[in-house]
Structure formats: structure tokens, C-alpha cells
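What follows is a short report on a single structure.
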Amino acid sequence: MKIKNKHQSFVQTCILHFVVYSLVALALVLLLNYLTNSILNNAFPSIDTLLEHRDKLERDDFSNIPYWKFKNCEFIVYDDQNQVIYSTESDLQEKLKPGDTDLIQEYSYTQFFEVLQRIDENGRIFYEIYCYQYNVETEEYEVDDYCVVDANYKIIEGDLFSGREYLSQKDFDLIRGNYENNKEIIKYQYKTSMNEERTLIFVFPKFSINDYNKTVEATNRLWFVFVLVLFVIIIVQSFLFSRRIKHSLKPLDAAIVSYGSEKHSNISRDEVPMEFRHIVDDFENLLKRLDQAKEEKEHEEQERYRMLANISHDLNTPLTAIQGYSKAFCDGIVQPEKKDLYMKTIYHKSMACSELMDTFFEFTKLQHPDFIPNLETVDLAEFIREYLGEKYVEFELKDFHMEPDIPEKTILCKVDCKLLRRALDNLTANALKYNPKGTTVLYSLRDEKEMIYLTIADDGIGIPREIRKEVFEPFITGNSARTTDSGTGFGMTITRKIVELHGGTIRLLDTPRSGYSTEFEILLHKCDRQ
């Protein structure tokens with residue numbers, strides 16, 4: 001079955017499929033049960049089947065009795081005067097006489113005949129016929145009368161059929177419950193709704209094992225057809241159900257295929273069942289993350305190319321000077337009074353190259369995913385005090401002012417002392433290098449709940465707003481931004497990476513505290529105990 005409602009719940013669809021096909025299967029079972037019962041009832045009809053319509057019999061409404069249920073059966077109805085009221089076959093009325101009803105067995109078995117065959121010592125055959133009557137008081141059957149007939153059905157003893165000397169073959173068959181053409185006969189007496197007496201004679205085929213086997217084979221064929229139809233229904237249901245699942249996921253599949261071909265097609269949440277909408281949301285989020293990762297990768301590639309180009313440029317400048325001065329020595333054109341100057345220039349340029357390579361190596365080492373900092377629990381307040389004590393002389397020589405704001409209490413934090421010192425050196429060097437004499441540098445430390453706030457601020461010239469967002473990018477040097485180490489361009493990038501390796505963050509505040517032009521804030525996680 002096809003579900004056209006796109007907004008329908010997939011669970012509701014499953015339930016609908018299950019209910020529909022369960023009802024179909026149930027209908028088939030009921031139909032099969034009805035057919036098998038009809039076959040069995042029609043194959044072995046009895047007076048019990050006819051008495052299911054007793055209300056019609058009591059109204060003498062014989063025309064509304066479904067005769068198709070009584071295949072090969074006949075019946076005739078007499079009134080209390082032994083007059084025929086109704087007969088299904090005209091020949092039955094001709095063959096049965098009113099007096100024959102006394103010889104037919106009762107349906108209720110309140111009275112019945114028993115025929116026994118006896119052979120005397122001379123080999124003659126006799127039949128003993130007993131009439132049993134049910135005694136209500138003793139609740140037992142008692143012999144009411146009897147007679148004995150010879151092989152020719154001549155009555156030689158007993159008063160059971162007084163007034164008769166002989167029994168015909170038909171009479172003898174009726175007593176035994178037999179009728180012609182291998183059929184049985186039985187009698188049922190009842191009263192109508194008008195309290196009129198009726199006698200119904202019912203003739204039906206004899207039951208045999210062969211008939212039973214044929215009927216069983218017919219019902220088995222029905223069961224085989226039922227199993228085959230049910231198997232076809234299961235196949236159809238499985239096909240439609242799988243098609244429904246594929247149809248439900250088709251928009252998602254189309255989006256995946258489109259993304260693989262570098263085309264992004266949006267998925268409407270209304271096109272999929274509600275149970276799959278969280279998958280659509282997750283997929284959309286995944287695509288956004290993939291796009292973001294792709295952009296970041298492209299940005300990293302661009303930064304890598306730019307970094308290599310800048311390194312090549314920064315190395316090429318001192319190397320060119322080294323090549324020029326060394327060639328002058330080789331050519332012997334250096335004037336004696338300039339030899340010391342040339343040698344010092346070569347030395348300083350080579351040191352600049354070495355320093356650049358060392359800084360780049362450190363930057364590369366920190367960027368490596370396998371690099372793990374050597375963290376240990378320290379008193380960060382005491383660590384900062386010791387660091388500032390070491391820098392005090394340098395501040396005096398450069399005519400800068402240091403303003404420490406470090407609490408006396410213990411503030412524990414897991415840090416790599418060597419890396420954290422390098423980060424502080426970078427920030428301090430930038431403040432000392434790019435600010436005029438007399439600048440004040442603030443070092444503030446405070447803890448709040450689980451976080452530690454380390455601030456380095458100064459009241460110098462500040463950083464231009466147009467390049468504040470790029471201050472942590474590599475090769476932002478010289479007049480573009482304040483970095484360390486003679487403009488290698490890695491100082492602030494290394495500082496940010498060191499802070500991130502400690503699980504923290506660093507930022508340049510857009511609005512520094514009052515009295516200061518530049519403020520860097522480092523956030524680290526507090527450690528409760530050592």
C-alpha cells in the first residue's frame with residue numbers, strides 16, 4: 001500500500017502496514033475456516049445441521065431453509081394425522097408411507113431399536129429386534145418390547161409389531177436406520193409455535209472412511225492455497241514496506257550523493273517522517289562541520305604557504321647579506337678598516353637566521369599533535385612573583401615600570417613551567433620592545449571559582465584596531481603588530497599555542513581596564529589540591 005502523507009510518522013506507517021496486513025491475514029483465516037466448515041458440514045450433513053433452522057421448522061417456513069447445505073439429503077414433514085405437509089422430493093413421499101414412521105429410529109434416542117442376529121443349532125438365521133425405552137426415574141434404558149423374525153422376516157415371536165405377520169425388506173432396513181442408495185434415515189418429532197405436532201423424517205448419506213479422506217484432501221488443498229496466498233501477501237508487504245523505507249530516506253540519500261559531487265542540496269524536514277528528522281538535523285550539522293573543516297583546512301593550507309613564503313623571505317634577507325659580505329672577503333676587495341664591521345655583520349645575520357630557525361622549530365614542535373606538555377602542580381602566585389623578580393632589573397635598565405597585583409594566598413594550577421615562562425617572556429618582550437620608556441606594565445592574578453585569570457596590561461601606544469583580530473596569527477610583525485624576537489612573527493602564535501596546551505584561552509580585550517591601552521587576559525583552570 002502507498003502512503004501519500006509525507007508528514008506521517010514512520011511508526012504510524014509501520015503500525016498501519018501491520019494492522020492492514022494483519023486484518024487481511026485474519027480475513028483469510030476466517031474465510032478459510034468458513035470454507036472448511038462449509039465443506040465439512042456439506043460433506044457430512046446430518047439432522048443436527050437441519051435443526052439449526054428449528055425456528056423455521058416450528059413456523060412451517062420450509063422455503064427459507066438453505067437447502068444447498070444439505071447436499072444429497074432429503075426430508076419430509078408429517079402432521080399429527082400423518083398427512084404430508086412438506087417434502088423435498090416427490091419420490092420420497094411416494095416411497096415412505098405414513099405407517100413407516102413407527103419403524104424409524106428416534107433422533108432423541110428416548111426410544112430406539114436394536115437388531116441382533118442369531119443362528120440356531122441347525123444353522124438357521126434369526127433376527128431379534130428389541131425396542132428400548134428410556135426410564136426417566138431410573139435414568140436407564142429398558143426393553144419395552146421385542147420380536148423375533150426369521151431369515152425371510154416372518155415374525156415368529158413377540159408383540160413388538162402386533163398386527164403384522166411379516167416385515168418387508170424396506171421395513172427391516174428402516175428399523176436398522178437404513179434407506180435405499182446407501183443412505184441413513186432418522187425421525188424427529190416436535191411441536192410448532194402453534195403447538196401442533198410434527199414428525200420430520202430426514203434421509204442423509206452414510207458416512208465412510210473414503211468420504212472422510214476425500215474431504216480431508218479438499219480441506220488440505222485449501223490450506224495449501226491459504227499458505228501460498230499468505231506467502232504472497234508477506235512478499236508484497238515486505239516489498240511495499242522496504243519501498244516506504246527507501247522513499248523516506250530518499251531525500252537524505254540525495255543530499256549525501258549531492259554532497260559527494262560537491263553540490264549541497266538542502267533537505268526539507270517535512271519530506272521525511274518525524275522519526276528521521278533528528279537524523280536530518282544531525283546530517284545538516286555534519287555538513288556544516290565538514291564545510292567548516294574544509295574552510296579551516298583551506299585556510300591552514302593558505303597559512304602554510306604564506307608561512308613558507310615568509311620564512312623564505314625572512315631567511316633570504318640575512319642570507320643575501322651573508323653571501324654578499326663573504327663574497328667580498330673571497331674577492332679580496334674588503335678594505336682593512338671595514339673587516340671587523342663585515343665580520344660582525346655576517347655574525348649577526350647568521351645569528352638572526354639561527355634564531356628564526358629555532359623559533360620556527362619551536363613553533364612546529366608545539367603544533368605537532370603528539371606533543372604533550374610536562375604539567376606539574378605549582379603555586380601560580382609564587383611562580384609569577386619569582387618570574388617578576390627575575391625581570392625587575394631588565395625593567396629598570398629600560399626605564400619601564402612594573403606594577404604587580406599578585407595575591408598572597410596560594411593558587412594551585414597544573415602548568416609546564418618552561419612553556420609558561422616562554423609565554424610570559426613573549427608578552428613581556430612585546431611590551432618592552434614596542435612601547436616608549438616610562439610605560440607601566442601590569443601583572444594581575446586572581447581566581448574565581450574554578451578559573452584563574454592572569455592579566456598582562458600596559459599603558460603604552462596600544463595596538464591598532466584594524467589588526468587586533470590578527471595579533472595571534474604568525475608573521476604579524478613590525479608595524480603590523482607587537483611580537484617578540486626582532487620580528488620573527490611567531491611570538492604571539494607560540495604564546496596562544498602554549499596557553500591552549502594548558503587547556504586555557506588567551507584573548508586581547510577590546511576594552512582594556514581603566515588607565516591602560518593594551519590588555520591580554522589568560523584563563524587557566526584552577527587545581528584544588530596538589
Side-chain angles (χ1 to χ4, degrees), residues 1-46 48-56 64-71 212-261 263-289:
M1 61 181 300
K2 184 176 181 181
I3 307 298
K4 295 183 178 181
N5 188 1
K6 294 182 179 180
H7 302 277
Q8 190 173 12
S9 164
F10 185 74
V11 172
Q12 293 176 352
T13 302
C14 296
I15 294 174
L16 180 60
H17 276 268
F18 176 77
V19 169
V20 168
Y21 290 104
S22 296
L23 291 175
V24 172
L26 179 61
L28 287 175
V29 171
L30 294 176
L31 177 61
L32 178 65
N33 185 63
Y34 173 78
L35 292 176
T36 54
N37 287 335
S38 298
I39 291 174
L40 291 174
N41 290 333
N42 293 332
F44 311 111
S46 67
D48 292 317
T49 309
L50 179 60
L51 293 181
E52 291 177 1
H53 306 280
R54 184 170 178 172
D55 56 334
K56 298 180 180 63
N64 288 324
I65 295 176
Y67 298 108
W68 58 269
K69 289 186 176 182
F70 310 103
K71 185 179 180 181
Y212 175 78
N213 291 335
K214 289 181 180 179
T215 304
V216 170
E217 290 177 2
T219 55
N220 287 340
R221 284 194 295 271
L222 281 178
W223 276 105
F224 175 77
V225 173
F226 167 73
V227 171
L228 183 62
V229 172
L230 187 61
F231 181 72
V232 172
I233 289 176
I234 291 174
I235 293 177
V236 172
Q237 180 185 11
S238 301
F239 170 75
L240 295 177
F241 192 66
S242 62
R243 190 176 71 171
R244 174 60 181 165
I245 294 176
K246 292 179 181 178
H247 179 75
S248 300
L249 297 177
K250 189 175 181 180
L252 185 61
D253 180 67
I256 295 174
V257 173
S258 66
Y259 187 81
S261 59
K263 296 179 181 178
H264 197 328
S265 64
N266 294 324
I267 308 174
S268 174
R269 297 177 80 254
D270 294 336
E271 293 181 357
V272 296
M274 62 178 62
E275 289 81 8
F276 293 156
R277 289 174 186 173
H278 73 281
I279 299 178
V280 173
D281 296 336
D282 293 341
F283 181 72
E284 291 287 354
N285 293 333
L286 175 61
L287 292 185
K288 290 178 182 179
R289 290 197 298 269

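Starting from 1, each residue takes its place in the sequence as its number.
Note that the CD1 atom of I233 and the CG atom of L228 stand 10.0 Å from one another [nearest 0.5 Å]. Separating the CD1 atom in I235 from the CG atom in L230 is a distance of 10.5 Å, to the nearest 0.5 Å. Considering CG of L30 and CG of L23, their distance stands at 10.0 Å, rounded to 0.5 Å.
For the pair N64 and K56, the tightest heavy-atom approach, listed with the atom from each and the gap, is O-CE, 3.4 Å.
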